[in-house]
Structures are given as structure tokens and as C-alpha cells.
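So the structure is just underneath, and the comments pick up after that.
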Protein chains: 2
Amino acid sequence: MHELFAENQAFRAHGRLWIEGPADRFLGIGRLELLERIATTGSISRAAKEMGMSYKKAWDLVSSMNTQARQPLVSTQAGGAHGGGAALTEAGAQAVAEFRAMQARFEAFLADETARLYESK
Amino acid sequence: MHELFAENQAFRAHGRLWIEGPADRFLGIGRLELLERIATTGSISRAAKEMGMSYKKAWDLVSSMNTQARQPLVSTQAGGAHGGGAALTEAGAQAVAEFRAMQARFEAFLADETARLYESK
DNA sequence: AGGCGTTATACTTTGGCAAACATAACGCCT
DNA sequence: AGGCGTTATGTTTGCCAAAGTATAACGCCT
């Protein structure tokens, strides 16, 4: 047992991981979740509502990702059947898959570091 | 070369790492730097000034760390020679060393993930 | 043609939090 | 005793990012 950190595992390694783009933050856990919900709901507004996020904020995030990436991650249509909608592009689906994997490796790293806090020297 | 991320290495994995304590954030890169400067300057106020941080904020951070840890990380004296001062305790020095190492492993992880963005599949 | 739900974008308001300000206490030192 | 630089703590101010409000355009569908 480690001397510094208390016996009841009250200390844990936490963190945030994201990909920084040419202009701005490009993709983090929040944007990832938004992309996933756009994929399942077929619309930015429904994805935003599910996350308790304003449509404006969601749209700004999508815009930030689309303008930074070589190819847009989300394709949109204003008007049409059901008023329009949005979907992931090929590049969008690929970005989701890659960042999910990166995030999983990060969570393994954090679990490892938390364990290390309590291992005897 | 990867299809998603542009040719000029404009995308990089970034992140923040910290140790969450029983009540609150316990130790991150900002608090670490503060502790290190307390060690070298011998005072909270000088450490804060070096970092462009208000004394109050620095004191609040020290207080948060001292109350969460089993033993205080920083010992202080109000009044006395030169008005008083502050120093790292044994536990404080140990916390600095351990978190420095954790942060170094994290930076290696980030460099690895950045490289992975550009490796061919 | 008009309705609907969506995307698209500008403008205004608000809330939370960091910074600034203020004050007291402490204990050596001259 | 009084000054000094520090710790210790409460209160106020200000800022800016987030949220909210408003409006327009789009294109299927009845």
C-alpha cells in the first residue's frame, strides 16, 4: 500500500484527450459523442437535443470539424423529406472509429496509472 | 500516409492529466508547477508571482491539496523571519516526483498517438 | 401554394468563474 | 513599539464563453 494515497482508493487518475487541428480543437470526447448521435438519429438537431445541447452549439461544432478536415465529416441537407437531415460521411465514420480507439487506449492508460498509485514500492 | 489527416502534420493528440481526490481535483500540471516553485522560492506569494497567478488563487490551490492529502504537502509559517514562508513537506516532495513521472508517461503516450495518426494502415 | 422540420447564421442575454480588491493576523527584527 | 513581508480569508468586479432568442432559407409533401 502506498503511503501518499489513502486506503479507500479515493485518488484516481483522470484526464481529457483530444485531437488539435490546424485552427482549433478538432475532435474530443464531446464532439465524438455528437458525431455518433448524428449517425444514429440522422439529424443535428435531434443529436443536440439528446445531449442537452443547443442546436447552435452543435452546429458550431460540426462547422468547426467540417472546415478543418480535408473532407467534411458530416453531410447536411436543408429542406427535403422530413425537413432535411445530416449524416456522417465516409471520412466522418472513419474519424469516429479512430478516435474511439484512441479514447479506449487512453482509458486503459488511466486505469493503469490509477493502479500504480496504490502499488507498493 | 493517412487519408484523414493532412500532409503537414497539422493534427496532434493533446490532453490533460490530473489526479482526482476525494473532494475535488487534487493534483494536475498547474498545481505541480506551483509546488515546484514553492520549493525553489520558499514562499507561496513568490511562486504565485512567478506564474502570473494571484496569491489568493495559489493559496486556495495549496489549501485544496493540503486538506485532501493524508498529510499536508506544503507547510507554511505566517510571520517570522522575512515575514514567513512555505516549503514542501516530505509528502509534498514525493507527490511532485510521482506526478512528474506520471506526466512524462502521459506525454510519451500523446507523442505515440500523434505518430499513429500519420502511420499508413 | 402553404406547412413542416430541418439547416444556417446573426444578435442579445446570462451565468459562472477567474481576477481584483480589501482586511486581518502573525511573528521576527530594528 | 512599529514596520515589514508573509500567510489567511471574505467580498466585489469584470469578463467571456455558453445559452438563449430571432430570422431566413431550403426542399419534400399534401
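Quick note on labels: first sequence line is chain A, next is B, and so on, each numbered from 1. As a basis for the values below, the full set of heavy atoms in this structure was taken, side chains included, without hydrogen atoms, waters or symmetry mates.
- Atom C1' of nucleotide D:dT9 and atom NZ of B:Lys57 are separated by 17 Å, given to the nearest angstrom.
- In this structure, CD1 of B:Ile44 is placed 11 Å from P of D:dT9, rounded to the nearest angstrom.
- Taking every side-chain heavy atom of A:Ser45 into account, C:dT7 is the closest of C:dG27, D:dT7, C:dT7.
- One finds a side-chain N or O of B:Thr76 lying less than 4.0 angstrom from the OP1 or OP2 phosphate oxygen of D:dA8.
- When distances run from any side-chain atom of B:Ser43 to the nucleotides D:dC28, C:dT6, D:dT7, the shortest one goes to D:dT7.
- Under the Watson-Crick or G-U wobble criterion, with both distances below 3.5 Å, D:dA25 is paired with C:dT6.
- Environment of CD in B:Glu36: crowded, with over 12 heavy atoms of neighbouring residues, nucleotides or ligands closer than 6.0 Å.
- The distance from the CG atom of B:Leu88 to the CD atom of B:Gln94 is 12.0 Å, given to the nearest 0.5 Å.
- For A:Gly80 and A:Lys56, each mapped to the nucleotide of DNA chain D holding its nearest heavy atom, the one lying further toward the 5' end belongs to A:Lys56.
- Using modelled atom types, one side-chain atom of B:Gln68 and one backbone atom of B:Asp24 make a donor-acceptor pair closer than 3.5 Å.
- The residue among B:Gly79 and B:Val62 whose nearest nucleotide of DNA chain D is located toward the 5' end is B:Gly79.
- Looking at heavy-atom distances under 4.0 Å, A:Ser54 makes no contact with the nucleic acid at all.
- Ranking D:dT7, D:dC28, C:dT7 by closeness to the A:Tyr55 side chain, first place goes to C:dT7.
- In this model, the phosphate group of C:dA8 is approached by a side-chain N or O of A:Trp59 to a distance below 4.0 Å at OP1 or OP2.
- Note that CG of A:Leu17 and CD1 of A:Ile19 are 7.5 Å apart. Values are rounded to the nearest 0.5 Å.
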